[in-house]
Amino acid sequence: MIDLTPTVLAPALPRAARRSLFNRLLRNPVGLGTMLFLALLVLSAVFAPLLAPHDPNSSSIQDVLGGPADGHPLGFDSSGRDVFSRLIFAGRFSLAGAALALIIALVIGVTGGLIAGYYGKWFDSVSSWLTGLLMALPGIVVLLAARSVLGPSMWLSMMIFGVLLSPAFFRLVYASVTAVRNELYVDAARVAGLGDSRIIGKHILTVVRAPVIIQSAMVLGIAIAIQAGLDFLGLGDQSIPTWGTMLNDGFRQIYKEPMLILWPSAVIALTCVALTLLANAMRDELERSGKAKRRRRPPLRPADVNKTAAVFHAEDLSSSGRTGEVLLEVQDLAIGYDQPDGTVKTVVHDVSLTVRRGEVHGLIGESGSGKTQTAWSILRLLPDGGRVTGGSIFFEGSDLALASEKEMTKIRGKKIAYIPQEPMSNLDSAFTIGSQLVEPMRVCLGLSKKDATKRALELLARVGIPNPERTFAAYPHEVSGGMAQRVLIAGAVSCDPDLLIADEPTTALDVTVQAEVLDLLRELQSELNMGVVLVTHNFGVVADLCDRVSVMRDGRVIETGPVRAIFNEAKHPYTQSLLAAILEDGEARGDLDEGNSARAAATALTTPSISDTIGAQS
Amino acid sequence: MTELLLDVQNVVVEYPIKGFRKEPFQALKGVSLDIRPGETVGLVGESGSGKTTLGRAVLGLAPVTGGQIVYRGQDIAHLGRRERKALSSEIQVVFQDPYTSLNPSLTIEQILVEPLTVRKVAKKDASKRVLDLLDQVGLPSNAADRLPREFSGGQRQRIAIARALALDPRLIVCDEPVSALDLSTQARVLDLFKEIQERTGVAYLFVSHDLAVVRHLSHRVAVMYHGEIVEWGAGDQVTSDPVHPYTQKLFLAAPVPDPDRQEQRRAVRQRLVLEQERADAQAGAA
């Protein structure tokens, strides 16, 4: 049967998060302004013959360097041509030249990057080599050489410049494509029978699109500047008006008519600034949605927080024997995260738990239940923005919730140790395992390097590593996940802690390795007589190791008691539902029943084609 | 004996290792199993055992260098792209990670329509089919125009199941489809798998590291270790009374959610480990 509970969907995201990039840019003041300016520029270039009051190339001797006159708002240049008309017409050539460079760069770079990134093989190595070569070439020198061979053509030099710019796109596209190529959704599309062109068009281009557009705006600005630079040096085609040639003319007349250089430089500067600002605005808009995209946590369930009081179970036969001193006493703990708008979002409410010496206290719950937050708060290692907003954490007579960072540094590692979930990401790949064990011991226990090394080797042997010397000298990537977890356990117990916080210590491990690590934890715990807070989502691990259990949900402890009481007499409906969801000891499916299988075979083998199915269902 | 849906015979998968004249890495060393129509075959093993590779070989995503994969009488181990495309309505997949198996920038409708467009289904029919698929996996119809990030892990896995069902396949390769899910969500998604199978007669190759999950769903179970199948038989027998020493070790390593029985199981496991070590030592000394 299909349970209907999971059909409760989170409220739809605000439309803002889903609007297209263009629509979002319209609401961004910088984006809107720059887009308006650029649109105006392009339109004026396109409609130059209609807008310009005069022919840009007709000169009149008597108006040479003449000031603004009727119908000539910006005056005349050194050949007596109308500056305003030339400025508008120059836009045509300058923008078209830059666009040509951009298109060439896009075509070469994007297709090359797509093919190299998606198919790889020989094309990948050849094109990577070529890109490297192109990037090593000094652009201006190549353009100068081309001009001396091919003559002063603006179009030719812009095409060559486009080729020189193509690595910018190649590398960008290549990097994005290799990142997505092995995503599972691309595999799923392949299994669905999609051809390569469709996969590239649908799944890969969507990823590449945004960065390419941003890069295009930057590249266009560069192309305009380079083109103007070439013409300014007098290396361009003097027969067509461009902003660069106007700049050249103005520069020559700078003492006679200083205003002449102002207009082309102003247009060039404004265009380049607008393009850069537009690229920045696009990046800002995309990153804003990117943050929400990267959020991996499932959306919060609607507020069905059960406010009923937690269920407490009395001590039973096996737990009443545990009368060690109380190590850790957490009372009414609340943890909150500061929000950008100044409010505090509380993720853990009124959590109380007690850990005695020699006792393992399990915190069990599903993702988002606050179990890991609670464990981290004991170490005062909450992520940025998180803090204890209420209650107390008493450890050896002092309240850790109020302790200074300096006091915490003395307690962490020495008195309270920590075992993380992901062993690999908690070892620094740049240092040998040995050095990562020795350093903390020298700091915490004040041992000499020789003594610390000796103790580290003893500890590695103690946690069951077959060849301690070799592991001591190895780097983290040279050992397996199970070995890495043993190393971290050795590190955690190296300073004889009183309390051990283990955050899902076996979740990332294979089940046979998990059993060995659990054995090790149990032995060390009784040997060192530590208190342990064990965070887990696995009831098997709880049954194996824990003396006392607290079940958490939505940031609250909903049931707590000795381990047997929780398993055998769970009272809270949520605990009962969790226990009911356990599959261990469940009924096996049994063999495929012959009668059933015949029926199944019949249905399976006569399944109509997809079009029939759809026809029948519609 | 009913006709076999899938017959995997001595399949070898090798991945080349970088470097001149290096021996390739054998991910599968001659694996054989078969699946009947409407059956669930569970494939259990630890990381690196080759269980995922076998699933990918059936899907045509891993390089098969030896043996045959016979699907309804046809060897599909070395198909070209076009022939493979024809198989897409027959064999489908549900991946482990519901977060990366759905393209984050497409809406649910676009995701579900994708396999249909390959079949050239008309747009109107495709939209209807999407609603029908969402209904089959227990999601409301207003899910269609949302993005994957608006869904929880369990809901995303339902969407992935809907995508696999879109073409009415006869076989779905499920690669750890519930390992990333919370306990209660896991149970519900497994029930959905079962319910769909009973309704449509689809067969599953169900890859998982979790014996309990496999036991819950599988008619027959194969246990993999280092690229080989070490035990293969009826689900109940393999998951509760295994014969091969590795399966026994695997079985005893999984903790039981009951403190007293777990204590007994732990003792049995530790005794078995000691015995095996002693046997190994004797074998080494001899």
Side-chain angles (χ1 to χ4, degrees), chain A residues 1-4 6-7 9-10 12-13 18 183-185 187-189 191-194 203 206 292-293 296 298-299 366-367 510-512 514-515 537 539-541 543-544 563-564 567 577-578 581-584 586 588-592 597-598 600-601 603-605 607 610-611 613-614 617-618, chain B residues 2 36-39 46-47 59 61 85 88-89 93 95 97 99-105 114-115 118-119 121 125 128-129 132 138-140 149-150 152-155 167-168 170 182-184 187-188 192 201 212-213 215-219 234-236 239 249 253-259 262:
Chain A
M1 279 305 292
I2 298 174
D3 189 333
L4 286 177
T7 60
L9 294 183
L13 282 185
R18 292 200 236 159
E183 288 282 358
L184 286 176
Y185 59 79
D187 275 343
V191 172
L194 264 72
H203 293 287
T206 44
K293 241 179 226 170
R296 276 201 148 213
E366 298 192 305
S367 52
D510 271 331
V511 62
T512 49
Q514 162 173 299
H537 67 279
F539 274 102
V541 170
D544 191 60
V563 63
R564 283 174 179 75
F567 276 103
S577 77
L578 278 184
I582 295 175
L583 298 170
E584 270 89 2
R589 185 89 185 264
D591 195 20
L592 184 64
S597 84
T603 36
L605 293 174
T607 308
I610 178 68
S611 44
T613 316
I614 288 169
Q617 274 154 354
S618 53
Chain B
T2 43
R36 291 169 284 178
E39 184 182 38
E46 295 189 297
S47 51
L59 292 167
L61 297 172
K85 202 170 161 181
S88 63
S89 60
V93 64
F95 285 113
D97 188 346
Y99 293 91
T100 60
S101 65
L102 305 176
N103 188 337
S105 53
E114 187 169 68
V118 182
R119 298 279 130 190
V121 175
D125 294 337
K128 271 187 190 151
R129 177 78 178 141
D132 172 49
L139 286 174
R149 65 166 182 261
E150 298 175 51
S152 68
Q155 290 165 343
L167 295 178
D168 279 323
R170 286 165 215 243
D182 269 334
L183 188 59
S184 48
R188 283 200 294 262
L192 176 66
V213 166
R215 175 185 168 82
H216 184 71
L217 204 64
S218 306
H219 300 104
D236 193 18
T239 54
K249 197 175 151 198
V256 213
D258 179 314
Q262 171 58 17

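The sequence lines fix the lettering, A, B, ..., with proteins before strands; numbering per chain opens at 1.
- Within the 4.5 angstrom heavy-atom criterion, only backbone atoms of B/Ser218 (N, CA, C, O) approach chain A.
- Between the CG atom in A/Leu194 and the CD atom in B/Glu114 there is a gap of 4.5 Å [rounded to 0.5 Å].
- Closest approach of B/Glu46 and A/Asp510 over heavy atoms only: OE2-CB, 3.1 Å.
- Checked by atom type and distance alone, the side chain of A/Glu183 never pairs as donor or acceptor with a backbone atom of B/Asn103 at under 3.5 Å.
- B/Pro259 and A/Phe567 get closest at one heavy-atom pair: CD-CD1, 3.6 Å.
- Heavy atoms only, all atoms of each residue included: B/Ser184 and A/Ala581 are closest at CA-CB, 3.9 Å.
- Contacts of A/Thr512 with chain B are made by both backbone and side-chain atoms, with heavy-atom separations under 4.5 Å.
- For B/Val118, the part lying near chain A is the side chain, with the backbone staying farther off; criterion is any non-hydrogen pair under 4.5 Å.
- In plain terms, the two heavy atoms of A/Asp187 and B/Phe95 that are nearest each other are CB-CZ, 3.5 Å.
- The choice from B/Arg215, B/Lys85, B/Lys249 that makes the most heavy-atom pairs within less than 4.5 Å of chain A is B/Arg215.
- In this structure, the portion of B/Leu61 lying under 4.5 Å from any heavy atom of chain A is its side chain and not its backbone.
- B/His216 NE2 to A/Leu583 CG: the interatomic distance, rounded to the nearest 0.5 Å, is 5.5 Å.
- Across B/Leu183, B/Thr239, B/Asp236, the residue that shares the most heavy-atom pairs under 4.5 angstrom with chain A is B/Leu183.
- Two residues are said to be in side-chain contact when any heavy atoms from C-beta on lie closer than 4.5 Å; B/Pro255 and A/Phe539 fail this criterion.
- The two residues A/Leu184 and B/Ser101 come nearest to each other via the heavy atoms CB-CA, 3.7 Å.
- Note: A/Ile582 CD1 to B/Asp258 CG = 9.5 Å, rounded to the nearest 0.5 Å.
- No donor-acceptor pair closer than 3.5 Å links the side chain of A/Gln514 to the backbone N or O of B/Ala254.
- For B/Pro115 against A/Ala192, the heavy-atom pair with the smallest separation is CB-CB, 3.9 Å.
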